[in-house]
Amino acid sequence: YMAPHGCYRCQGQDKWVAIAIGSDEEWEAFCAVIGRPAWTREERFASQIDRWRNQDSLDGLVERWTVEHDHHEAMQLLQAAGVAAGAVLNAEEFVNDPHLKERGFFVNINQPDVGTRPYPGLPIRLSKTPVTAWRPAPGLGEHNEYVLGDLMGLSLRELVELEQAQVIGQQPPAGPGMLL
């Protein structure tokens with residue numbers, strides 16, 4: 001029954017802000033930030049359930065405010081007032097986000113064939129079990145011998161036969177109908 005609750009267009013091409021209002025106090029703070037305190041006294045928005053029942057018209061009104069702001073600006077204004085809001089980030093903004101960088105969210109991993117790149121890490125930090133061992137994703141067929149041989153019990157001869165039949169291998173098979 002949260003309302004407003006959704007993603008709202010902002011200034012710029014494909015820029016959005018997510019807003020989630022779950023209480024009358026947050027609604028009052030939201031209305032104050034956007035300069036519409038009178039909305040708190042309108043019958044159709046008087047309570048959380050009223051806002052939820054009238055969310056289609058409310059969403060349009062909210063978007064009239066959000067389209068006047070950059071998605072980061074809208075987020076910061078609302079968060080400062082205690083309203084849950086977050087800029088919706090594209091891939092470039094995500095990788096360059098100062099908050100995520102400051103928290104050490106990204107981990108640089110040297111992936112064979114592509115080099116060192118930042119990869120998303122864990123969104124949480126655990127004081128007693130920190131993650132310290134990051135490694136690249138395995139290459140195609142890199143663990144065939146271990147998984148099929150050691151764990152599943154296939155013989156070396158069976159592994160060779162599977163590789164000759166191009167069932168397993170370290171490169172994708174080439175040929176008609178194969179995508180490369």
Side-chain angles (χ1 to χ4, degrees), residues 2 4-22 26 29-30 33 62-63 65-156 158-175 177-180:
M2 296 175 82
H5 185 259
C7 290
Y8 301 90
R9 285 185 308 133
C10 291
Q11 280 180 354
Q13 179 67 32
D14 201 24
K15 301 295 182 185
W16 301 80
V17 65
I19 301 171
I21 296 178
E26 291 172 7
F30 174 81
V33 167
V62 169
E63 193 167 89
W65 180 78
T66 59
V67 297
E68 297 295 323
H69 300 276
D70 168 85
H71 59 310
H72 289 283
E73 176 191 16
M75 172 190 72
Q76 290 165 353
L77 289 169
L78 294 171
Q79 284 183 0
V83 176
V88 178
L89 306 178
N90 63 27
E92 183 179 356
E93 291 172 313
F94 179 67
V95 170
N96 293 313
D97 184 74
H99 176 74
L100 294 175
K101 283 185 174 185
E102 178 68 27
R103 286 194 41 76
F105 176 70
F106 295 101
V107 179
N108 288 322
I109 299 176
N110 185 5
Q111 181 71 38
D113 303 327
V114 296
T116 301
R117 302 275 192 277
Y119 289 88
L122 294 177
I124 59 172
R125 297 281 182 254
L126 303 172
S127 60
K128 293 185 179 181
T129 55
V131 177
T132 57
W134 293 93
R135 44 180 192 236
L140 181 63
E142 182 178 339
H143 298 119
N144 283 349
E145 191 173 317
Y146 171 69
V147 173
L148 299 174
D150 295 352
L151 296 180
M152 295 183 65
L154 272 65
S155 68
L156 183 57
E158 290 171 303
L159 293 175
V160 169
E161 289 173 1
L162 288 172
E163 193 163 344
Q164 288 173 343
Q166 294 187 336
V167 173
I168 63 171
Q170 303 217 350
Q171 293 182 0
M178 303 308 284
L179 297 175
L180 294 178

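All of these numbers come straight from a predicted model, not from anything done at the bench. Computation of the quantities below employed the complete heavy-atom set of this structure, encompassing side-chain atoms and omitting hydrogens, waters and symmetry-equivalent molecules.
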**Q.** Residue pairs passing the salt bridge (charged side-chain N to carboxylate O under 4.0 Å, His left out) test where at least one lies in residues 89-102, sequence neighbours excluded
**A.** K15-E93
**Q.** Minimum heavy-atom distance A18-C7, with the two atoms named
**A.** CB-SG, 4.0 Å
(Q) Closer than 3.5 angstrom, by distance alone: can the side chain of E158 be matched with the main-chain N or O of S155 as a donor-acceptor pair? (A) yes
Q | Over all atoms of both residues, closest heavy-atom pair of F106 and F94 | A | CZ-O, 3.3 Å
Q. Does the E73 side chain pair with the main chain of H69, one donor and one acceptor, at a distance under 3.5 Å?
A. no
(Q) R125: which residues meet the side-chain contact (heavy atoms from CB on, under 4.5 Å) condition with it, sequence neighbours left out? (A) R103
**Q.** Check: C10 and D70 side chains under 4.5 Å, non-hydrogen atoms
**A.** no
Q) Can you list the residues that meet the side-chain contact (heavy atoms from CB on, under 4.5 Å) rule with N108, with sequence neighbours excluded? A) T116, P118
Q.
Using side-chain heavy atoms (C-beta onward) and a distance below 4.5 Å, is V33 in contact with V83?
A. no
(Q) For A87, give me all partners under side-chain contact (heavy atoms from CB on, under 4.5 Å), at least two apart in sequence or on another chain. (A) H71, H72, M75, L89
Q: Only counting residues at least two apart or in another chain, list the ones meeting side-chain contact (heavy atoms from CB on, under 4.5 Å) with Q111.
A: V114, Y119, P136, A137
Q. Which pairs pass side chain to side chain donor-acceptor pair (under 3.5 Å) with one or both residues in residues 4-14, sequence neighbours excluded?
A. Y8-D59, R9-E63, D14-W16
Q. Who are the side chain to side chain donor-acceptor pair (under 3.5 Å) partners of Q166, not counting sequence neighbours?
A. none
Q) With sequence neighbours left out, what residues match E161 under salt bridge (Lys or Arg N to Asp or Glu O under 4.0 Å)? A) R157
Q | L162 side chain reached by L154 side chain, heavy atoms, under 4.5 Å | A | yes
Q: For residues G121 and V107, report the shortest heavy-atom separation together with the two atoms involved.
A: CA-CG2, 4.2 Å
Q. Stepwise, does the side-chain contact (heavy atoms from CB on, under 4.5 Å) test hold for E163 with V167?
A. CA-CA 6 Å; E163 193 163 344; V167 173; over 6 Å; no
Q: Please examine the side chains of N144 and L159, heavy atoms only from C-beta on, and report whether any two atoms are closer than 4.5 Å.
A: no
Q: Only pairs at least two apart or in different chains count here, so list each salt bridge (charged side-chain N to carboxylate O under 4.0 Å, His left out) that has a residue in residues 129-151.
A: none
Q: Verify side-chain contact (heavy atoms from CB on, under 4.5 Å) between F30 and L77, making sure each step is shown before the conclusion.
A: CA-CA 9 Å; F30 174 81; L77 289 169; over 6 Å; no
Q | Least distance between heavy atoms, P138 atom then H143 atom | A | CB-CE1, 3.4 Å
Q: Could you tell me which residues satisfy side chain to side chain donor-acceptor pair (under 3.5 Å) with S127, sequence neighbours excluded, listed by chain and number?
A: none
Q) Under 4.5 Å between any side-chain heavy atoms of I19 and V17, yes or no? A) yes
